[in-house]
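Remarks on the structure that follows.
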Amino acid sequence: SGSGGGGGAKKGKKSGSGAIKYVAFTLLTVAVAAAAWLAHGYLTAPPSVVTPFPAAKLTALPQFGGAQASRLFWGSYRPQVYFGLRARTPESLLFGMVWVYLDKQNNLHIRHTCEQNDKLQRYGWLKHDGETFGVQEILDSPVTFNTSFVKRETQHHGGDWAARIQAKAKGAVMLLVYLANEGSEAMQLTPGTPPRIHGHHASASQYDMTFAYDAAVLSGVSHWSSSVRADRTADALRSYFMQKRTLRFSGETSAAHPNIHFLQFELKPSVPFELNVFFKAGAQAEPWSSALFDSLLQSRVQHFDAKFESTFKLQDKGFSGKQVLFGQAALSNMLGGMGYFYGASSVLDVSTPSALEKKENERKPQPYFTAPLFTAVPSRSFFPRGFIWDEGFHELLIHRWNSALSRNALAHWLDLMNAYGWIPREQILGPEARARVPDQFVVQPSVNANPPTWFLVFEDMLELAEQQQSGDEKDFLVAAYERLEAWFLWFDTQRGTVATSYHWRGRAHDARQLNPLTLTSGLDDYPRALSPDDSERHVDLRCWMAVASGVLARIARLANRPSTRWETMSASLHDNSLLDKLHWCDSIHAYCDFGYHTTVLPMARGILKHRFVDDVYGYVSIFPLLLRVIHPESPRLQQLLQDFDNTTLLWTPFGLRSVAKSSQYYKKYNTESDAPYWRGPIWININYLAVRALHTYSLHPSSPEHIKTRAAELRDRLRKNLVDNMFKEYQRTGYIWEQYDDTTGRGQGSHPFTGWSALVLDLMAYA
């Protein structure tokens, strides 16, 4: 139980110390905001938590306008649906695909948004360049689809596009496509053979959508026009079919001003069907044709294949044809999973002076400022929205493929910063995103962080920018410096009570939990001190701050801004003697968190005291290695490398498990219904950091020869274990997974999970 052990008396004491700490936190965050606002001449009173950061928007930089804005205007920016396109504008036209069928038990199935419960055999992008085209395969039990799209540049901003859907059904299946409007402009559907949808829209001026298909291979074609919000498409269809007691449309319009037009194609079993959808924007655009689509798609695929090999060199490294296709699918699903969202987060102010004047039960959620977000997502089926720490890992791969695309996404994220330097860690913008999130996760408290993984990407950007006298990479970092400084200073409010220590805010007692969650760390149920209080010291956050301060110092120098403060902080956080004093634990020969803890479970049976959390060996234990904070000549590095392939600790034939088999938390449920998440399974993002760090230590000029040899050996073995297992599971299941079982190697959790798990491609490129 999370609140036993005589916790009542201690709670009172800790709430007092927490209040003092809260005031200190508030004063520091207010000071950060005040400095920014005074510099811009805006400060008359402390800003609210929903006040935007007072600086020019990064998305307004010239490098993101003109040709790039036009090139990225249309795309597959609806990752939450099986196949859909939209424009990067708040009120866009939306194109989408649905299929409908009855199973043998006469149950109605409507496939529209990506759902794990749909239990598709396979779906995902096979090739996608993030800008101009995509090719996808979808395998459901009664039907197989191949979907593709290609864009072209025209004189009209954003150009236009065409899509192709190839289908082969085993039984009776209805294929539906639709065009919807998030705005208020009228849309017209003109029935006929073929039908046509047309109108005027701010994003496309005069547009015309036409369709090409062979009606002879269909059992029927019909349509339905209605007024339906995009996130309720499946509900509206279900209601229609249930009311009409048929799966066939009858060609009616059920709204005075419809905002969506459906076309329905009744597929014949075992008869292949091809539908071409041509979207022409602007009156002067040349007409589309199937031949033009074929020509453009072939050209884009050839260019993608050539760029893929020149970037990652998998064929050159000896990977098989199937392994190359696996690598292409990893990248393509990352790029095809990028989405455009628009709206406002729901936030709870628990940090500003006005909030602290209120009682806890008087604080109410409020909408954040409205803004767009262009971002990759962890999982189209389970997490089709943006997360701060996931995005850092996403951008490591995207930046390697297309640095301009990566900068564009990070500019959108940084523009979400408020006046205090805070960015909500989870972005739930717009009705389509909101529809997929349980209520308890919607509101974002204003003290909650998420690991600042973006500094890993900025580090990669610096490698290019420092070599350039000028260029977009350098211009972006220089322009972003003010926001990055504010973001870092906000993170610095997560300081602990001991100098150079840090702890994650947001942990709380819960009597139902074996160990209080630390959602803000990204490691969720990874075991920490059993009784959260202000004494906690978290290894991982201290390491993130060490990386961030060092990168910030380099960006400051690049921008000709004062860097001494960040250099001093970086030196302090990279001081291994301080790190060891705060976190090295001789009892397990590894780094540990510190806090109010007992090794006896449940907690009520133990005696709590301030101590190292030394009954856990896991990812946190090796974090200074993962983020390369340990000096190459440190004896601690030698110890960690010595234990690295110990199979009772983290090593498995499939990758590093998250918690050692020898730990009492290994595969333990946190509550009766909360299965172990970061308590045993293999996570690819952390394994990626491990391979990356081992690679660095194997080449570092200060590494002793035996360290270089050991690190190189472990790097190669770990990389091979990860790649071989993930490829095997992809072949077996058709998916890249959120995590992998440490005893069988089998994929588990959400799928497809082509957020940070797509970093398997970077691991392949390390060969």
Side-chain angles (χ1 to χ4, degrees), residues 32-33 35-36 39-40 53-64 388-389 391-400 402-423 449-494 500 502 541-574 627-629 689 692 696:
V32 171
H40 291 79
F53 188 77
K57 297 289 188 184
L58 290 176
T59 47
L61 286 172
Q63 63 180 273
F64 301 130
I388 282 181
W389 97 296
E391 191 64 7
F393 290 106
H394 300 162
E395 296 305 330
L396 286 167
L397 183 59
I398 295 171
H399 183 262
R400 183 167 182 176
N402 184 331
S403 60
L405 195 65
S406 179
R407 293 193 302 273
N408 199 305
L410 288 168
H412 276 82
W413 271 102
L414 285 165
D415 281 351
L416 292 171
M417 181 177 293
N418 77 357
Y420 294 91
W422 177 66
I423 302 171
N450 222 196
T453 51
W454 306 349
F455 281 99
L456 299 176
V457 190
F458 299 140
E459 194 171 26
D460 286 353
M461 289 184 180
L462 279 163
E463 298 300 325
L464 295 176
E466 289 172 341
Q467 300 168 16
Q468 302 170 341
Q469 294 299 315
S470 62
D472 287 344
E473 209 89 344
K474 180 179 179 180
D475 292 345
F476 173 73
L477 289 172
V478 170
Y481 175 77
E482 190 173 8
R483 289 177 181 270
L484 294 178
E485 180 184 53
W487 197 42
F488 180 87
L489 287 170
W490 184 89
F491 269 99
D492 202 42
T493 63
Q494 310 282 297
T500 77
Y502 291 86
L541 180 52
R542 190 185 191 280
C543 292
W544 284 119
M545 295 302 289
V547 170
S549 58
V551 173
L552 188 62
R554 291 174 64 187
I555 298 175
R557 292 193 293 270
L558 185 75
N560 291 318
R561 304 288 285 269
S563 60
T564 305
R565 180 181 182 185
W566 316 128
E567 290 163 354
T568 301
M569 185 175 288
S570 176
S572 178
L573 290 170
H574 282 89
L627 291 186
R628 302 173 293 187
V629 176
L689 291 178
R692 188 170 174 263
T696 296

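Note that the coordinates shown come from a computational prediction; the quantities given were computed from them, not determined experimentally.
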Report the C-alpha distance between Glu485 and Arg565 in whole Å, list the side-chain angles of each, state the deciding distance to 0.1 Å, and finish with yes or no for salt bridge (Lys or Arg N to Asp or Glu O under 4.0 Å). CA-CA 11 Å; Glu485 180 184 53; Arg565 180 181 182 185; 5.7 Å; no
Between [atom1] of [X] and [atom2] of [Y], what distance do you get to the nearest 0.5 Å?
{"X": "Arg554", "Y": "Leu462", "atom1": "CZ", "atom2": "CG", "answer": "4.5 Å"}
{"X": "Leu456", "Y": "Phe393", "atom1": "CG", "atom2": "CZ", "answer": "6.5 Å"}
{"X": "Leu410", "Y": "Met461", "atom1": "CG", "atom2": "CE", "answer": "5.0 Å"}
{"X": "Leu484", "Y": "Tyr481", "atom1": "CG", "atom2": "OH", "answer": "9.0 Å"}
{"X": "Met569", "Y": "Thr500", "atom1": "CE", "atom2": "OG1", "answer": "10.0 Å"}
{"X": "Thr696", "Y": "Leu627", "atom1": "OG1", "atom2": "CG", "answer": "11.0 Å"}

Test log, rule side chain to side chain contact (heavy atoms under 4.5 Å, CB included), inputs Ile388 and Ile423: CA-CA 8 Å; Ile388 282 181; Ile423 302 171; 3.9 Å; yes
Might you point out which heavy atoms bring [X] and [Y] nearest each other, and give the distance in Å?
{"X": "Ala449", "Y": "Gln494", "value": "CB-OE1, 4.1 Å"}
{"X": "Glu459", "Y": "Arg692", "value": "OE1-NH2, 3.7 Å"}
{"X": "Val629", "Y": "Ala546", "value": "CG2-CB, 4.1 Å"}
{"X": "Ala480", "Y": "Leu414", "value": "CB-CD1, 4.2 Å"}
{"X": "Ser570", "Y": "Ser549", "value": "CA-OG, 3.2 Å"}
{"X": "Pro54", "Y": "Ala419", "value": "CD-CA, 4.4 Å"}

Would you check, one step at a time, whether the test salt bridge (Lys or Arg N to Asp or Glu O under 4.0 Å) holds for Arg561 with Glu482? CA-CA 10 Å; Arg561 304 288 285 269; Glu482 190 173 8; 5.6 Å; no
Which of these, Gln63, His399, Glu466, sits in a side-chain contact (heavy atoms from CB on, under 4.5 Å) with Glu473?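 With Glu473 as partner, Gln63, His399, Glu466 yield a single side-chain contact (heavy atoms from CB on, under 4.5 Å), made by His399.
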Considering residues at least two apart in sequence or located in another chain, which fulfil the ring-ring contact (aromatic ring centres under 6.0 Å, His included) criterion with Phe64?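 For Phe64 there are no ring-ring contact (aromatic ring centres under 6.0 Å, His included) partners, ignoring immediate neighbours.
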With sequence neighbours left out, write down each residue that passes ring-ring contact (aromatic ring centres under 6.0 Å, His included) with Trp487, or none if nothing qualifies.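 Result, ring-ring contact (aromatic ring centres under 6.0 Å, His included) vs Trp487: Trp454, Phe455, Phe491.
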Close side-chain approach of Leu573 to Arg542, heavy-atom, < 4.5 Å: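 In contact.
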So Tyr502 and Trp544, ring-ring contact (aromatic ring centres under 6.0 Å, His included) or not? Walk me through it. CA-CA 10 Å; Tyr502 291 86; Trp544 284 119; over 10 Å; no
